[in-house]
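Reading through the structure tokens given below for one structure.
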Protein chains: 2
Amino acid sequence: MNIGQAARATGVSAKMIRWYEQQGLVPAATRSESNYRHYSEGDLHRLRFIRRARDLGFSIKQIAELLALWNDRGRASADVKALALGHAAALRQRILELEEMVQSLGHLAEHCQGDDRPECPILERLAAPVAA
Amino acid sequence: MNIGQAARATGVSAKMIRWYEQQGLVPAATRSESNYRHYSEGDLHRLRFIRRARDLGFSIKQIAELLALWNDRGRASADVKALALGHAAALRQRILELEEMVQSLGHLAEHCQGDDRPECPILERLAAPVAA
DNA sequence: ATGGGCTTTCCCAATATGGCAAGGTCAAGA
DNA sequence: TCTTGACCTTGCCATATTGGGAAAGCCCAT
């Protein structure tokens with residue numbers, strides 16, 4: 001199976017597959033005589049794993065850890081769980097930050113008429129002389 | 001006022017001030033004989049504006065638009081408001097995505113014992129053969 | 001044999017920020 | 001006056017992930 005087919009089968013673009021290989025996230029694919037990469041079912045399996053982990057917002061580094069645990073038959077499930085929960089906590093933190101921004105924006109926008117006149121509390125706040 | 005003082009006064013690092021200048025977000029600072037940049041109160045004002053907009057999660061490009069509106073005495077407040085609300089909507093969208101991830105992670109972790117044994121539904125799900 | 005669709009590698013782009021290095025400048029103290 | 005330390009300059013590198021494009025080679029079907 002060539003890289004394009006593997007891409008279609010896993011939802012990981014060919015470009016990304018090559019990049020993951022370069023980053024050591026997947027082992028270097030075997031090559032045909034004419035240097036084409038080709039992929040086995042096991043390779044697709046691994047790529048799908050990566051794809052799903054990306055969808056959950058794991059970084060490449062974290063995915064490398066997950067893959068290592070996946071391949072370690074003797075791992076403790078606690079290690080996997082800790083990784084997942086740590087990541088979830090980081091996501092929640094990020095969500096809080098974004099929510100704060102949304103709230104501030106909401107407050108600012110509330111006081112802005114949003115008409116043809118130039119008076120705009122949003123800009124005034126951003127430009128406030130000292131603290132805001 | 002030198003760049004270091006301007007940085008301290010505005011909360012924008014010297015590095016970033018130079019970078020904003022290079023990006024055209026702030027006009028090139030005037031220079032002393034020995035080529036040191038120096039900054040006026042107006043410059044600090046502009047830098048603080050940028051800083052606050054960054055804190056609200058606006059991108060550099062968006063900040064450029066905000067600055068243009070700020071400097072346009074005849075702007076319509078509607079234009080500013082639209083920018084702010086559009087940005088808020090994008091943030092909310094991002095929040096939804098992150099919340100979905102957190103939820104999925106929560107579901108996965110719920111079913112994982114998190115002990116010394118290797119059985120781990122988290123990995124099993126990530127590795128699931130076809131759909132998950 | 002020719003063309004269209006695939007593959008290869010390599011370079012570039014974006015975002016915003018920090019770090020490091022080599023060298024110039026300035027002010028204060030000995 | 002000389003030295004020292006704090007500051008400034010530019011420039012390059014790195015981060016993390018993805019897409020775009022070019023030039024060249026390969027494969028299959030007509």
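Reminder, nothing fancy here: chain letters follow the sequence lines and each chain counts from 1.
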Salt bridge or not for A:Glu97 and A:Arg94, using N-O below 4.0 Å?
yes

Could you state the OH-P distance from B:Tyr20 to C:dA16, rounded to the nearest angstrom?
8 Å

Checking all strands, does B:Arg18 fall into the base, sugar-phosphate, or nothing category for heavy-atom contacts under 4.0 angstrom?
base

Take a 6.0 Å sphere around CG of A:Asp116 and say whether it holds more than 12 heavy atoms from other residues, nucleotides or ligands.
no

With a sphere of 6.0 Å drawn around CD of B:Glu100, does it hold more than 12 non-hydrogen atoms of other residues, nucleotides or ligands?
no

Atom CE of B:Met16 to atom P of D:dC8: distance rounded to whole Å?
16 Å

Measure the distance from NE2 on B:His38 to P on C:dC26 and round it to the nearest whole Å.
12 Å

Compare every heavy atom of B:Arg46 with every heavy atom of B:Asn71, then report the nearest pair and how far apart it is.
ND2-NH1, 2.9 Å

When we call it a touch if two heavy atoms are under 4.0 Å apart, what does A:Ser32 touch: a base, just sugar-phosphate, or nothing?
nothing

Can you tell me how far P of D:dT17 sits from CD1 of A:Ile60, to the nearest Å?
4 Å

Could you say whether A:Phe58 or B:Tyr36 is positioned toward the 5' end of DNA chain D, judged by the nucleotide with the nearest heavy atom to each?
B:Tyr36

Does B:Ser59 reach a base, just sugar-phosphate, or nothing at all? Heavy atoms under 4.0 Å.
sugar-phosphate

To the nearest angstrom, the CG-C1' distance between A:Asn2 and C:dC6 comes to 8 Å

Separation of atom CD in B:Gln22 from atom P in D:dC12, rounded to whole Å
11 Å

Would you indicate, yes or no, if D:dG19 has its OP1 or OP2 atom less than 4.0 angstrom from a side-chain nitrogen or oxygen of A:Ser13?
yes

Transitively linked via ILVMFWY side-chain contacts under 4.5 Å: A:Leu85 with B:Leu98?
no

Per nearest nucleotide of DNA chain C, the residue lying toward the 5' end, A:Lys15 or A:Gln5, is A:Gln5

Residue-phosphate contact under 4.0 Å: A:Arg37 side-chain N/O, C:dT9 OP1/OP2:
yes

Measuring to OP1 and OP2 of C:dT7, would you say a side-chain N or O of A:Ser34 lies under 4.0 angstrom away?
no

Rounded to whole angstrom units, what separation is found between the CH2 atom of B:Trp19 and the P atom of C:dT15?
7 Å

Can you check the A:Glu33 CD to D:dG25 P distance for me, whole Å?
18 Å

